[in-house]
Amino acid sequence: MIRLQGVTKLYRNQNNPAVEDISLEIAKGEFVFLVGSSGSGKSTLLRLMLKEDRPTRGTIHVAGKDLNRLPTWKVPALRRTIGTVFQDFRLLRNKTVEQNIAFALEVIGRPKAEVAVEVPRVIEMVGLAGKEKRYPEELAGGEQQRVAVARAFVNRPALLLADEPTGNLDPTTSVGIMTLLDRINRTGTTVVMATHDANIVDQMRKRVIQLDHGQLVRDQARGVYGYLS
Amino acid sequence: MRAGFIAEEIAAGFRRNLTMTLAVIVTIAASLSLFGAGLLVRAQVSTMKDYWYDKVEVSIYLCSDASDTPSCSGGAVTPAQRKQIRADLKQMAPLVQQVYYESQQQAYQRFIKQFKNSAIVQNVSATALPESFRVKLSNPEKYEVIASAFTGRAGIEQVQDQRRLLDRFFKLLNGLQTIALGIALAMLLVTVLLVVNTMRVAAYSRRREVGIMRLVGASNWYVQLPFIAEAAISAAIGALVATGVIASIKHFGIDQRLAPSYQFTSFIGWDAVWSIVPLVFAVGVGISVVAAAATLRRHLRV
């Protein structure tokens with residue numbers, strides 16, 4: 001699903017690369033935690049996978065496409081195969097729950113009939129049935145993140161990238177979001193989640209990739225947040 | 001393609017950005033009105049050229065008692081001189097197509113007719129106007145042949161090519177047209193800057209929507225279309241206003257005021273107006289859309 005080979009990203013006006021010489025492979029259907037302290041390069045890696053940035057060196061393959069060779073006009077097609085969730089939810093305040101989710105389908109030109117079927121289905125799946133007409137500010141943080149996950153998943157992407165999705169949530173709510181992401185993973189969607197929430201990583205026992213100052217320092221199947229002593 | 005969805009997005013854009021959109025409409029209307037006015041003047045000049053070049057002649061003014069050029073030192077033209085000039089002119093066929101004689105009395109009648117709206121008529125008497133031969137040339141460019149043959153001859157006060165007089169007048173109109181088009185150009189430049197700025201504000205005020213659209217894989221077309229349509233619609237409204245202004249110039253300015261007062265010349269018809277209007281729309285909408293698209297390329301990149 002994802003293959004990075006010798007990927008280095010050097011931002012302008014910065015001496016140290018954000019990520020340096022990263023090589024890794026993530027198979028279809030995997031659930032992978034990307035861990036490391038703030039500034040270790042987790043978000044940079046996710047941005048590179050979305051082709052929001054180009055790597056300074058190295059090649060990135062996502063969903064079978066070499067991102068360096070992907071022409072700009074094909075980037076939207078790539079992003080339709082990727083769902084994204086962020087720490088700050090990024091919902092539209094002037095749209096209701098169902099409008100926010102429908103927006104993701106409407107702007108890629110999906111027909112009305114499909115939107116009418118898919119949106120209620122995904123709302124049901126994330127457990128927000130009955131709250132379709134609410135506005136984001138009328139929802140609790142965890143519910144807002146569920147809307148964001150629903151929006152990311154409504155197009156049934158092959159890959160879901162989540163950047164600190166539980167960063168703004170309390171532990172109990174976080175567990176709910178993790179259950180949801182796990183369920184999405186079970187449908188066959190590859191999930192890559194950047195986090196520094198040790199509890200979650202320890203509970204899930206999934207593959208852990210650890211970054212430190214832009215270097216890949218650990219890649220462990222069924223890992224935990226810190227090193228096992 | 002979801003036409004309904006895009007229409008909603010455009011309407012939302014208008015509501016959000018109302019003041020800037022109004023500013024764009026007003027500026028476009030003003031600059032396109034000037035642009036159209038410049039084109040009207042140009043059409044008018046060309047109509048008058050067609051009308052007058054067909055009628056212009058070389059005038060050979062004969063000496064009267066009031067003449068004071070050296071060739072008139074012998075006093076007013078004598079009947080013998082007049083007869084000789086007419087005969088010489090006739091000999092110059094085929095260059096000379098036709099020769100009319102206009103007496104002082106005829107010249108006075110024509111003068112009164114042409115300037116009936118002007119106070120100057122009261123100050124001119126028949127004897128102040130010279131008698132003349134009006135010569136129609138088969139090729140108006142060959143004016144010099146007539147001029148060199150007759151200038152300075154006894155009994156002839158002056159040989160005048162009316163075309164040169166007209167050219168001076170047309171130069172004046174062309175100057176006006178250039179000024180109008182120049183101002184229009186400057187205003188179109190202002191319009192471009194304003195559209196660029198409006199698009200920047202619009203892109204900024206909708207950055208959350210745009211960010212999500214890009215994230216979920218909306219094509220550039222989908223992201224930019226509402227903005228570009230907004231620019232195109234504003235420009236079209238401006239062009240519509242400008243069309244109203246141009247039509248008013250034709251209807252109130254030319255048809256109701258100038259044409260009744262100056263019946264000796266012809267004025268542009270509505271066909272000229274209808275050929276200007278599409279150009280005004282094309283220029284207005286074209287400039288606005290290009291400016292918008294160029295701005296969005298920088299501010300809404302994938």
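Lettering of chains follows the sequences in order, A, B, ..., and the numbering in each one begins at 1.
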*When only pairs under 4.5 Å are counted, which of A:Arg93, A:Lys112, A:Arg90 shares the most heavy-atom pairs with chain B?*
A:Lys112
*asked:* Are there over 12 heavy-atom neighbours, none belonging to A:Glu114, within less than 6.0 Å of that residue's CD?
replied: yes
*Between A:Asp182 and A:Arg186, is the closest basic N to carboxylate O distance under 4.0 Å?*
yes
_Does atom CH2 (B:Trp270) have a neighbourhood of more than 12 heavy atoms from anything else shown, all under 6.0 Å?_
yes
*Side chain from CB out, backbone as N, CA, C, O: work out which of these in A:Arg110 comes under 4.5 Å of a heavy atom of chain B, or both, or neither.*
backbone
*Considering only heavy atoms, which portion of A:Pro111 lies under 4.5 Å from any heavy atom of chain B: side chain, backbone, both, or neither?*
backbone
*asked:* For A:Lys95, which atoms come within 4.5 Å of any heavy atom of chain B: side chain, backbone, both, or neither?
replied: side chain
*Less than 4.0 Å between a side-chain N and a carboxylate O, is that true for A:Lys131 and A:Glu138?*
no
_Strictly below 4.0 Å, N to O, side chains only: are A:Glu118 and A:Arg121 in salt-bridge contact?_
yes
*Which atoms of A:Leu91 come close to chain B, meaning under 4.5 Å heavy atom to heavy atom: side chain ones, backbone ones, both, or neither?*
backbone
